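Every chain is numbered from 1, with letters handed out A, B, ... down the list of sequences. Keep in mind that what you see is a predicted model, and the values were worked out from it rather than measured. Side chains are part of it too, since the values below use all heavy atoms of this structure and drop only hydrogens, waters and symmetry mates.
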There are 2 protein chains.
Amino acid sequence: MAREAGVSQTTVSYVLNDVPHQKIAAETRYRIHAAVAKLGYTPSAAARALRKGQSDIVLLLLADMPLGHTAIELVEQLTRILRQQGLSVVTRIEDGGANDSLWADLAPRAVVMLAPVQAGRRKRMEAAGIQVINAWRRKPEDAAHDTLAHSQHRVGEVQARHLAATGHRHIGYAAPTDPRLADFCELRLQGVRQACRELGIDPPVVREVGSDRDLATDIAHEWRTEGVTAVCAFNDEVAFALLAGMRAADLEAPGDLAVIGVDDIPVAQFAEPPLTTVDQHIGVVAAGLAQAVLRRQDPPEVSGQPRGELATVVVRQSA
Amino acid sequence: MAREAGVSQTTVSYVLNDVPHQKIAAETRYRIHAAVAKLGYTPSAAARALRKGQSDIVLLLLADMPLGHTAIELVEQLTRILRQQGLSVVTRIEDGGANDSLWADLAPRAVVMLAPVQAGRRKRMEAAGIQVINAWRRKPEDAAHDTLAHSQHRVGEVQARHLAATGHRHIGYAAPTDPRLADFCELRLQGVRQACRELGIDPPVVREVGSDRDLATDIAHEWRTEGVTAVCAFNDEVAFALLAGMRAADLEAPGDLAVIGVDDIPVAQFAEPPLTTVDQHIGVVAAGLAQAVLRRQDPPEVSGQPRGELATVVVRQSA
DNA sequence: CTGAAAGCGCTTACAG
DNA sequence: CTGAAAGCGCTTACAG
């Protein structure tokens, strides 16, 4: 490569990396770019990583749980935003431990954890100079400065407020049965609880709604006998199960029990009745995460929490 | 590291890589492992990659299209299978070109493309010694040796055969409107067409069903006037739209029009009526893909096409 | 059975 | 404005 352009390795490196404060003659630059094009040269990232100790990769670790539509959108957005900054987002689904070798393999600049983080692992990564961004706080107290957790809390709040605004004072909460969803559920549920407190209405009556229609029917009846008139479902899937259980017992939404989901999955509009749900503004969350990654390297440009609403209600017929 | 154990770099490398035909004294081995544990030493993958010219990473490139539940499962399974072979699967959503830098960054051993592959890009990767596995054939003719394409073809076949088996002779095909899904749709549709040919029934009447309920209603009426009695939907989402359109016009499934989807998404069982659909056996596809990756390096153990059914019908009420 | 040495392809002080 | 040289941490012939 250097030979083809008739210059030294050094100069090639300067030109290709646009090293500031290095004046390079325009003609030399040109010769180098020509040679690059001619040879189809691509710098070896392995060598660069070895030399600099870090690659330009940001590793996104996803929890091993049912990943929906929304999670994928988050991945896409984060990938897009960070690419503009020259960083390559690479995604990995967690699976317990074996990933240690992966972060060593990639020598990522940062690891964004959308999964539980074990203290030991975190320490090892940080010791290796990798920035660890924990976007998965279990405890709501920790969530204050965390866009993702904050948005989950907000989701619950938005659900409860919509129900209250349409006159409901006794609400239920339909939790999923999958234990891997428990942390997420807790965050959303806290949001619901807080909203209820603030609105001065009863705390939500929580029940696990599995993916069994008959069970959902029973639960719907129970809620009604307890005076519950509306329920926040953990997500749209749980809402579908509940709606199916209600139809089986000739219970109507929102008349007998109003139901509001979360996610606005593509089929939500085709539910019977069409599902009222909460749309998460994933772009805002992604921007928050991207900021956290970038803050380290570009102090001035980025600032605190991202602005913008994190979630809004999509009103259809079920609530 | 070598110093801590009181041996040379060479020996450390031999021990850690279990180099065959290198006899190392048990005591030396032990000293090295002890030092590894004590220092928390992790070999630099960047250096290894630089030296060997390849990392242990397999890059999975996903098309930029609505990725469902099924796609995610494929990613999970492939990750799991390949990890057992010491390979790290890393996933990236395609976005047009900018990924060139990524494969250079990772120096992956193989790239599995679940996205359209441009000839130029492919050539560059292969020139770099990267194995390229193209699991995205546009043309059904190319699909013969490709597990993924083959399974898509099979999906259509299974749909049509189920409909024929329940007495339908005039079937419709509900295609999605998203152009990014066109290639996939074509593969499935070919499967339907072939099954119709083999069964001696009319070719499917294809219509695009968007996510507009009223439009779906109109289309349902059209099909009925044309004598269509059952329809294969591209996937469960399209099926939901169609079912919603039918309910709006008091048309019943399967009486007025039978509907069968694809994917068995979690909410399919809660459709009104519960959706009959096709379950793709993603494990088989993943195994096929994994084989293709491994074939190159471990010739003997793996053989041709994976065995096993690729898709089966989940019978519920809509068809 | 073990080690000294070369070299993978970069980046970056440093010297001109 | 440009280049010679060191060194990042490995692997692997090769020599003992």
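Annotation: salt bridge (Lys or Arg N to Asp or Glu O under 4.0 Å) contacts of Lys38(B) (sequence neighbours excluded): Glu4(B). Listed by chain and number, the residues in a side chain to side chain donor-acceptor pair (under 3.5 Å) with Gln280(A) are Gln152(A), Asp263(A) (sequence neighbours excluded). Among residues two or more places apart in sequence or in another chain, the salt bridge (Lys or Arg N to Asp or Glu O under 4.0 Å) test is passed with Arg122(A) by Glu126(A). Qualifying salt bridge (Lys or Arg N to Asp or Glu O under 4.0 Å) partners for Arg51(A), counting only residues two or more places apart in sequence or in other chains: none.
Judged by distance alone, with hydrogens and angles left aside, the side-chain atoms of Arg92(A) form a donor-acceptor pair with the main-chain N or O of Val89(B) at under 3.5 Å. Judged by distance alone, with hydrogens and angles left aside, the side-chain atoms of Gln131(B) form no donor-acceptor pair with the main-chain N or O of Val111(B) at under 3.5 Å.
Helical stems in DNA chain D, defined as runs of 3 or more consecutive Watson-Crick or G-U wobble pairs with donor-acceptor distances under 3.5 Å: C:1-3 with D:14-16, C:5-12 with D:5-12, C:14-16 with D:1-3.
Judged by distance alone, the side chains of Thr11(B) and Ser8(B) do bring a donor and an acceptor atom under 3.5 Å apart.
Protein chain A contacts DNA chain D over a range whose 5' and 3' limits, counting nucleotides with an atom under 4.0 angstrom from a non-hydrogen atom, are dC1(D) to dG9(D).
Mapping Ala47(B) and Ile24(B) onto DNA chain C via the closest heavy atom, the residue that lands nearer the 5' end is Ile24(B). Place Leu50(B) and Thr10(B) on DNA chain C by their nearest nucleotides, and Thr10(B) ends up nearer the 5' end. Looking at which nucleotide of DNA chain D each of Ser8(A) and Arg51(B) is closest to, the 5′-most match is held by Ser8(A).
Considering all non-hydrogen atoms of both residues, Ala47(A) and Leu50(B) come closest at CB-CD1, 3.7 Å.
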